[in-house]
Amino acid sequence: MEHKDPEVWKHMQAELQRQQTVLNMIPSENYVSNTVLQAAGSVLTNKYSEGYPKKRYYQGNSHVDEIELLAIERAQRLFGAEHVNVQSLSGSPANQAVFHALLNPGDKIMGMRLDMGGHLTHGHSVNFSARYYQTVQYGVDPETELLDMEAIRQLALKEKPKIIVSGATAYPRLIDFNAFQKIADEVGAYTLADISHIAGLVAGGVHPTPFPFTDVVMTTTHKTLRGPRSAMIMCKNEDRLANVEGLDEKQAKKERDMAGKIDRAVFPGLQGGPHNHITAAKAVAFGEALTYDFRMYAEQIVKNAKALAESLMGNGIKLVTNGTDNHLILIDLRPMGIGLGRDAAVALEEAGIITNCNTVPYDPSTPFKPSGVRIGTPSLTSQGMKEPEMRQIGEWMAAVLKDMGNTALKQKIKEDVKELCSRFPIYQGREC
Ligand SMILES: *Cc1c(COP(=O)(O)O)cnc(C)c1O
């Protein structure tokens, strides 16, 4: 590639070097194995496979069928899921598919507010989810900054949503999926647990699982799960809310078939051909996640996040909920000034520490100039870093945050970061 397309190659090469020399603390990112990269960069990208294994609309799919079946079977084992669809292209289209499968336009979705940690696709006004469905949003308690399950219950009783979505992109504590299910049972709603951020922690046994009671569980595969950029949808075989009144036996069977509804919503409802190279990479990643090493990895992600949180707080930095139970930490910069998140993320990048700015609950500023910074430990843990490194990184971060304009300090830390990264090398011997 270096000679055939030097223009693209040089940027890919530079990106590899960037990843090798900075601390990647964006909690939705990770470093996949070389095996996952190999599958994702394979000739499987050449094949069209509309349909599902053994029921394709194109010939020549015998090998693709085996790969997709392996991905499904491994995901079932990993999570204890009844039915798995591995064809969703990414998290947002996967949520769209779930709504398409279970709701009619105008039905009501209840999800977590974006500015309190939810995802765009859980009903935010600019998203398709609010354009085609009614939405009602819950937040966190202003005092504890935690999900208040009784407040959520009251809202559900009042609003009677057709589906209740749990899951978050910026929530540092455990989510009680069982409590969400109980509320849904009370109001006759479906449940969707979007475990995109925490799927690796659930698989590794360090976060409570939404199985087996949740109707549908969606996850991206590229966050803590450490697979390729993609998603999957897991669900129960049977639709417990199916309305079969007046239907004949054949129609009633179709109405009760939750797995069939999800599959038909993905294809042909929303997508054409699946991305088979990514399906193969997912199968590889699920295989890796089934190992004992992955359980140790998931545990270490949480240990690292806790050590980092301690270090930051010990250095005078305020955290949303004063700590973390998972892979993620939200730094609350309000004590230093309103709307400092973006400036802080830029200053940290100048010190070789990559984060993203984020709203904090009840943020007095705007989403474009939020008052928080979101960080996490999945990538650092993939590199092999442990608690001593976290303590050091917490000190560096606190120093930068307290003196954001200090160029010499940021330069010095950037060099120290580079040195630390060289002791935890990634993708050695790779070209890009
Ligand atoms: C990342 C994420 C998504 C969306 O995934 P994309 O692949 O970026 O579309 C959906 N829900 C949650 C909770 C997420 O964290």
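What you see below is based on every heavy atom in this structure, not just the backbone, and it leaves out hydrogens, waters and symmetry mates. Ligands are counted one by one from 1 in listed order, and the atoms in each one are counted from 1 as well. Heads up: numbering here begins at 1 and tracks the sequence. From a predicted model like this one, the values you see are computed outputs, not experimental measurements.
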Protein contact to atom 7 (O) of ligand 1 [nearest heavy atom, distance to 0.1 Å]: Ser90 OG, 2.5 Å
Would Asp185 and Arg240 pass as an ion pair if we require N to O under 4.0 Å? yes
Could you pull out every donor-acceptor pair under 3.5 Å between side chains of residues 341-351 and any protein atom, sequence neighbours left out?
{"residue": "Arg342", "atom": "NE", "partner": "Phe368", "partner atom": "O", "Å": "2.9"}
{"residue": "Arg342", "atom": "NH2", "partner": "Phe368", "partner atom": "O", "Å": "3.0"}
{"residue": "Glu350", "atom": "OE1", "partner": "Lys410", "partner atom": "NZ", "Å": "2.7"}

Residue Gly91 vicinity, atoms of ligand 1 by number, heavy atom under 4.0 Å: 4 (C), 5 (O), 6 (P), 7 (O), 9 (O)
Are Glu68 and Arg56 close enough for a salt bridge, meaning some N to O gap below 4.0 Å? yes
Can you sort out which atoms of ligand 1 are near His197, meaning under 4.0 Å from one of its heavy atoms? 15 (O)
If we ignore angles and hydrogens, is there a donor and acceptor under 3.5 Å between the side chains of Asn34 and Arg430? yes
protein heavy-atom neighbour closest to atom 2 (C) of ligand 1 works out as Lys223 NZ, 2.4 Å
Return the orientation label for the Phe128 and Tyr133 ring planes: parallel under 30°, perpendicular over 60°, tilted otherwise. perpendicular
For atom 4 (C) of ligand 1, grab the closest protein heavy atom and report residue, atom and distance to one decimal in Å. His119 NE2, 3.4 Å
Is it the case that the side chain of Thr219 and the backbone of Thr221 share a donor-acceptor pair, with hydrogens and angles ignored and the cut-off at 3.5 Å? no
Give yes if a backbone or side-chain nitrogen or oxygen of Ser92 is under 3.5 Å from a nitrogen or oxygen of ligand 1, and no if not. yes
Between Met218 and ligand 1, is there a nitrogen or oxygen pair with a distance under 3.5 Å? no
Which of the ligand 1 atoms, numbered from 1, are nearer than 4.0 Å to a heavy atom of Thr220: 5 (O), 7 (O)
Is the closest basic N to carboxylate O distance between Lys306 and Asp325 below 4.0 Å? yes
May I ask whether Ala168 places a heavy atom under 4.0 Å from ligand 1? yes
Report yes or no: does a heavy atom of His222 sit under 4.0 Å from some atom of ligand 1? yes
Just to be sure I'm reading this right: ignoring hydrogens, which of Asn95, Asp194, Thr121 gets closest to atom 12 (C) of ligand 1? Compare them by their nearest heavy atoms. Asp194
Aromatic contact, Phe267 with Tyr57 (centres under 6.0 Å): yes
